[in-house]
Amino acid sequence: MGKSKVLVAGGTGYIGRRIVKASLAEGHETYVLQRPEIGLDIDKLQILLSFKKQGAHLIEGSFNDHKSLVDAVKQVDVVICTMSGVHFRSHNILLQLKLVEAIKEAGNVKRFLPSEFGMDPARMGHALEPGRVTFDEKMVVRKAIEEANIPFTYVIANCFAGYFVGNLSQLGRLTPPKDKVYLYGDGNVKVAFTDEEDVATYTIKAIDDPTTLNKTLYIRPPHNILTQSELIQKWETLTGNKLDKISITADDFLASMKGFDLAGQVGVGHFYHIFYEGCLTNFEIGEGSEEASKLYPQVEYTRMDDYMKIYV
């Protein structure tokens with residue numbers, strides 16, 4: 001069997017463009033959905049054209065045009081959706097239901113990877129409002145996939161380093177603090193951090209692997225399971241600069257939600273589950289699931305010590 005043909009929907013986005021790059025690098029015939037809705041967004045168009053230069057095929061299709069989606073899907077074996085599910089960018093999780101309908105009608109897709117790439121929504125039934133909508137909507141999409149008997153892999157990528165490592169996991173910023181750092185509780189809850197390029201590499205490795213068929217793939221590389229305190233310590237060692245640590249209790253952290261807009265409140269809720277509850281690491285990866293770094297040991301994943309160096 002040759003390598004699967006891959007269609008990426010959401011290919012100009014944060015994780016999507018990395019998945020397109022990884023798909024091309026692994027030698028897959030790669031298609032990227034070009035949606036007319038981009039209008040005058042020149043940045044997105046230029047990303048699409050750069051993919052074309054690298055050998056990808058641009059294929060027109062709109063979520064408002066069912067036939068165009070069916071036609072696009074019919075040309076490939078694997079569909080990967082990377083549409084945004086975060087409130088501070090755009091929140092489009094349920095748009096995927098239109099893609100599910102197209103895949104169902106086309107009938108040829110060997111694997112569908114919906115837009116997951118964060119926490120495992122199946123484990124977040126207890127999540128706080130208003131942030132639980134992310135998990136609830138992902139579960140709606142999963143239900144539709146499974147009811148349509150579409151072969152799937154759900155990729156759980158945990159905390160993207162770009163959003164959680166360079167900033168030492170500080171809410172509301174992306175760069176490292178200079179003088180003081182806020183600790184969530186005692187800062188000793190284990191968190192799984194992932195380099196975004198590695199997420200894309202593991203995702204593409206999984207699409208033709210029978211081991212990951214109809215399973216959840218967790219990306220939890222052992223060297224990148226760290227507490228917030230360990231992350232800060234690595235930064236201090238790297239820079240030689242000690243930071244003042246200010247601990248925030250769980251109650252105080254949740255109370256801070258009142259001062260935020262909707263996107264901020266969603267963020268506070270998600271941070272609470274990650275850094276106080278330990279929702280990314282407080283369970284064993286069991287039946288129906290696999291761990292990416294164990295499945296694909298040939299991938300030399302980026303360790304957070306190395307990831308941080310660009311911020312110095």
Table please: side-chain donor-acceptor pairs of residues 53-62 below 3.5 Å, with sequence neighbours left out.
{"unit_1": "Gln54", "atom_1": "NE2", "unit_2": "Ser50", "atom_2": "O", "d": "3.1"}
{"unit_1": "Ser62", "atom_1": "OG", "unit_2": "Glu37", "atom_2": "OE2", "d": "2.5"}
{"unit_1": "Ser62", "atom_1": "OG", "unit_2": "Asn64", "atom_2": "N", "d": "3.0"}

- Message: ring pair (Phe, Tyr, Trp, His ring centres under 6.0 Å) for Tyr163 and Tyr14? Distances and angles first, verdict last.
- Response: CA-CA 11 Å; Tyr163 284 109; Tyr14 184 68; 5.1 Å; yes
- Message: Would Thr153 and Ile207 count as a side chain to side chain contact (heavy atoms under 4.5 Å, CB included) here? Give the steps.
- Response: CA-CA 8 Å; Thr153 300; Ile207 61 176; over 6 Å; no
- Query: Hey, mind stepping through Phe283 and Tyr218 against ring pair (Phe, Tyr, Trp, His ring centres under 6.0 Å) and telling me if it holds?
  - Reply: CA-CA 12 Å; Phe283 62 94; Tyr218 293 94; 5.4 Å; yes
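The minimum heavy-atom distance between Gly11 and Val32, with the atom names listed, is CA-CG1, 4.0 Å.
Under 4.0 Å is where a charged nitrogen must lie from a carboxylate oxygen, and between Glu236 and Lys245 at least one such pair does.
To the nearest 0.5 angstrom, Lys98 atom NZ is 11.0 Å from Glu101 atom CD. Tyr182 contributes atom OH, which lies 11.0 Å from atom OG of Ser256 (distance to the nearest 0.5 angstrom). In this structure, CD in Gln170 is found 8.0 Å from CG in Leu183, a value given to the nearest 0.5 Å. The line from CG of Asp65 to CG of Leu69 is 7.0 Å long, rounded to the nearest 0.5 Å.
Aromatic rings of Tyr307 and Tyr301 (six-membered ring for Trp) have centroids beyond the 6.0 Å cut-off, not under it. Within the 6.0 Å centre-distance limit, the rings of Phe164 and Phe271 are counted as a close aromatic pair. If you look at Phe275 and His270, their ring centroids are not closer than 6.0 Å. The ring of Phe253 has its center no closer than 6.0 angstrom to the ring center of Tyr272.
Among residues at least two apart or in separate chains, salt bridge (Lys or Arg N to Asp or Glu O under 4.0 Å) pairs with a member in residues 146-171 are Lys143-Glu147. Evaluation of the side chain to side chain donor-acceptor pair (under 3.5 Å) test over residues 69-83, restricted to residues two or more places apart or in two chains, returns Lys67-Asp71. Applying the salt bridge (Lys or Arg N to Asp or Glu O under 4.0 Å) test to residues at least two apart or on different chains, the pairs with a partner in residues 273-301 are Lys215-Glu290.
For the 3.5 Å distance criterion, the side chains of Arg17 and Thr12 fail to qualify, holding no donor opposite an acceptor. Using modelled atom types, one finds no donor on one side chain facing an acceptor on the other under 3.5 Å when comparing Thr216 with Ser289. For the residue pair Asp208/Ser4, the side-chain donor-acceptor check at 3.5 Å is satisfied. A side-chain donor-acceptor contact under 3.5 Å links Tyr296 and Asp209.
With hydrogens and angles disregarded, a donor-acceptor distance shorter than 3.5 Å links the side chain of Gln265 to the backbone of Phe260.
Within a 6.0 Å radius of CD1 in Ile310, other residues, nucleotides and ligands contribute 12 heavy atoms or fewer. Residue-environment remark: CG (Asn108) exceeds the threshold of 12 foreign heavy atoms within 6.0 Å.
Leu7 places none of its side-chain heavy atoms less than 4.5 Å from the side chain of Ile80. Two residues are said to be in side-chain contact when any heavy atoms from C-beta on lie closer than 4.5 Å; Tyr202 and Thr194 fail this criterion.
Applying the side chain to side chain donor-acceptor pair (under 3.5 Å) rule to Asp186 yields no partners; only residues at least two apart in sequence or on another chain are considered. Judged as a ring-ring contact (aromatic ring centres under 6.0 Å, His included), and not counting sequence neighbours, Phe51 has no contacts.
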